[in-house]
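Reminder, nothing fancy here: chain letters follow the sequence lines and each chain counts from 1. What you see is a predicted model; the values in this text were computed from it and never measured.
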2 protein chains.
Amino acid sequence: MNKLVQTGNTARRATTERVQRINDPDRTRADIIAVATREFAEKGLAGARVDEIAALTKTSKRMIYYYFESKEGLYLAVLEECYRAMREIESSLSLDELAPFDALRALVAFTVDYQFSHPDFIRLVMTENIHRGQYLATSKAIQKLNVPAIDGLRRVYERGVASGEFRPGIDLIDLHMSISALCVFNVANRYTFSLIFKRDMGQKRWLNRRSDEICEMVLRFVKNDR
Amino acid sequence: MNKLVQTGNTARRATTERVQRINDPDRTRADIIAVATREFAEKGLAGARVDEIAALTKTSKRMIYYYFESKEGLYLAVLEECYRAMREIESSLSLDELAPFDALRALVAFTVDYQFSHPDFIRLVMTENIHRGQYLATSKAIQKLNVPAIDGLRRVYERGVASGEFRPGIDLIDLHMSISALCVFNVANRYTFSLIFKRDMGQKRWLNRRSDEICEMVLRFVKNDR
DNA sequence: CCGCAAATGAACAAGCTAGTACAAACGGGC
DNA sequence: GCCCGTTTGTACTAGCTTGTTCATTTGCGG
């Protein structure tokens with residue numbers, strides 16, 4: 001007997017109904033952040049409701065304030081986690097074995113795909129920009145994991161220039177911005193653009209064609225046309 | 001005597017202090033919408049406060065509900081007006097006298113500039129996308145002024161293809177989307193991107209360089225490289 | 001000069017929302 | 001075994017927010 005049935009952080013003894021608790025602060029925090037991410041991404045900072053987040057959590061509103069102090073505190077934690085996850089994925093891409101054009105194409109195609117399948121992240125960034133970056137500006141965690149973000153791109157570009165395939169003189173941050181801009185738009189402006197131009201930008205088939213187009217644009221931009 | 005001093009919709013007789021009213025519903029509506037545009041652009045739909053909008057208006061909260069029925073009604077009116085103004089400006093651009101490359105460059109440079117100096121419009125569109133376009137979808141006014149939006153671009157592109165300067169086969173909506181994406185990003189992601197990559201994207205000098213880069217990217221994309 | 005649309009202003013109602021107080025107990029590392 | 005950090009749960013508060021009500025007045029086209 002004494003079967004332990006996991007229901008999130010708590011487990012019940014089937015026989016006695018007495019609640020057995022498992023202390024796991026990391027998991028509790030992660031659970032809250034996961035739920036809050038969805039809510040903030042869905043409704044923005046002002047539109048999200050702490051009660052709603054609490055209800056969807058395995059724990060209670062008490063714990064939200066226990067760990068994050070305020071709605072804004074929770075929002076910032078969500079934002080930091082979102083950037084951290086982005087960078088982690090980005091840095092896991094290995095492009096060094098591919099020829100410059102193939103590597104750049106892979107990088108762009110990956111970015112398109114990744115952002116499309118993680119709309120929450122982009123929606124959070126949109127929300128933060130509506131707030132003029134005021135919360136991100138207070139974050140210490142963000143300042144650290146910033147510039148290495150374009151290391152992958154840098155290596156590819158430098159190899160391309162060295163081989164003569166890419167034209168030199170392109171500013172890397174500019175290039176990164178152009179790629180980001182083209183990729184982010186698919187998610188960020190999906191609804192208004194779909195409505196006005198009657199394209200379903202949520203379809204995977206559409207995205208694949210769009211991905212090719214974006215790759216083409218980036219590759220033509222860097223291509224050395226002596 | 002009897003000097004009329006305009007203070008918005010009302011005018012006072014300096015001598016008697018008696019208030020003389022001027023009935024001008026168009027102007028009242030326009031005033032409310034102008035204030036509401038700033039507020040919604042600044043704080044989003046959920047973050048904006050009707051009381052705040054009313055206070056900044058020349059009229060009262062009563063009139064907001066008199067004309068727009070609800071906060072959402074006002075928001076939709078703001079959104080419609082914002083799109084209408086965008087299209088109006090876009091269609092005022094005359095590119096037909098320029099050679100294809102120059103015309104396209106002018107179109108792109110204009111778009112960069114216009115969006116940069118009208119951030120409210122882009123911020124509203126961001127907000128509407130956070131709401132998954134649900135308000136724009138209910139609008140009848142929007143459905144009408146949509147596709148002609150790319151007529152200017154179409155004419156330029158077709159001339160370029162005819163003269164052999166542009167490569168054929170490019171989808172116009174795709175091209176429009178790419179231009180939009182590159183331009184919108186400057187405004188939409190200005191704060192987070194500036195923070196992470198330590199560039200002040202609010203500076204005019206930066207924008208000019210960025211504008212050149214975007215033009216370059218678009219021109220290289222359409223250029224016929226037989 | 002009549003009647004309707006436009007406007008005024010302040011106070012109120014009802015519901016919502018972030019955050020707290022209270023009261024109690026458990027888990028696990030040391 | 002002790003203690004601190006973790007957890008549970010509810011009820012509450014104080015302030016905010018949308019939208020309404022009431023009581024009135026004015027402008028203006030026909």
Is it the case that the side chain of Thr127(A) and the backbone of Leu45(A) share a donor-acceptor pair, with hydrogens and angles ignored and the cut-off at 3.5 Å? no
Counting side-chain heavy atoms from CB outward, which of dA6(C), dG19(C), dT6(D) is closest to Ser70(A)? dG19(C)
Give the rounded distance in Å between these two atoms: CG of Asp26(A) and P of dG28(C). 14 Å
Classify the ring geometry between Tyr135(B) and His131(B) as parallel (under 30°), tilted (30 to 60°) or perpendicular (over 60°). perpendicular
What nucleotide among dT8(D), dA7(C), dT7(D) has an atom nearest to a side-chain atom of Pro25(A)? dT7(D)
Rounded to the nearest angstrom, tell me the gap between atom NZ in Lys61(B) and atom C1' in dA13(C). 11 Å
Of the nucleotides dT6(D), dT20(C), dT8(C), which one has an atom closest to the side chain of Tyr65(A)? dT20(C)
Counting just side-chain N and O atoms, does Ser60(B) come under 4.0 Å of either OP1 or OP2 of dA7(C)? no
Could you state the atom-to-atom distance from CD of Glu72(B) to P of dT17(D) in whole Å? 15 Å
Less than 4.0 angstrom between a side-chain N/O of Thr28(A) and OP1 or OP2 of dT7(D), yes or no? yes
Whole angstrom value for the distance that separates P of dT8(D) from CD1 of Ile64(A): 12 Å
Could you point out which residue of Ile53(B), Leu124(B), Val35(B) forms a side-chain contact (heavy atoms from CB on, under 4.5 Å) with Val78(B)? Leu124(B)
For residues 72-81 of chain A, which residue pairs pass the salt bridge (Lys or Arg N to Asp or Glu O under 4.0 Å) check, not counting sequence neighbours? Glu81(A)-Arg84(A)
In whole angstrom, give the distance that lies between atom NZ of Lys71(B) and atom P of dC16(D). 15 Å
To the nearest angstrom, how far is Met63(B) atom CE from dA10(C) atom P? 16 Å
Which whole-number value in Å describes the distance from Phe68(B) CZ to dA6(C) C1'? 14 Å
For a quick test of reading the model: is some side-chain N or O of Tyr66(A) closer than 4.0 Å to OP1 or OP2 of dT6(D)? yes
Between Arg123(A) (side chain) and Ile130(B) (backbone), is there a donor-acceptor pair under 3.5 Å? yes
Using whole Å, report how far CG of Leu74(B) lies from C1' of dT17(D). 15 Å
Which nucleotide in dT6(D), dA6(C), dT18(D) has an atom nearest any side-chain atom of Tyr67(A): dT6(D)
Can you tell me if CD on Gln203(A) sees more than 12 non-hydrogen neighbours from other groups inside 6.0 Å? yes
Contact residues, residues 43-56 of chain A to DNA chain D [heavy atom, < 4.0 Å]: none
What salt bridge (Lys or Arg N to Asp or Glu O under 4.0 Å) pairs are there with at least one residue in residues 172-195 of chain A, not counting sequence neighbours? Asp174(A)-Arg199(B), Asp174(A)-Arg210(B)
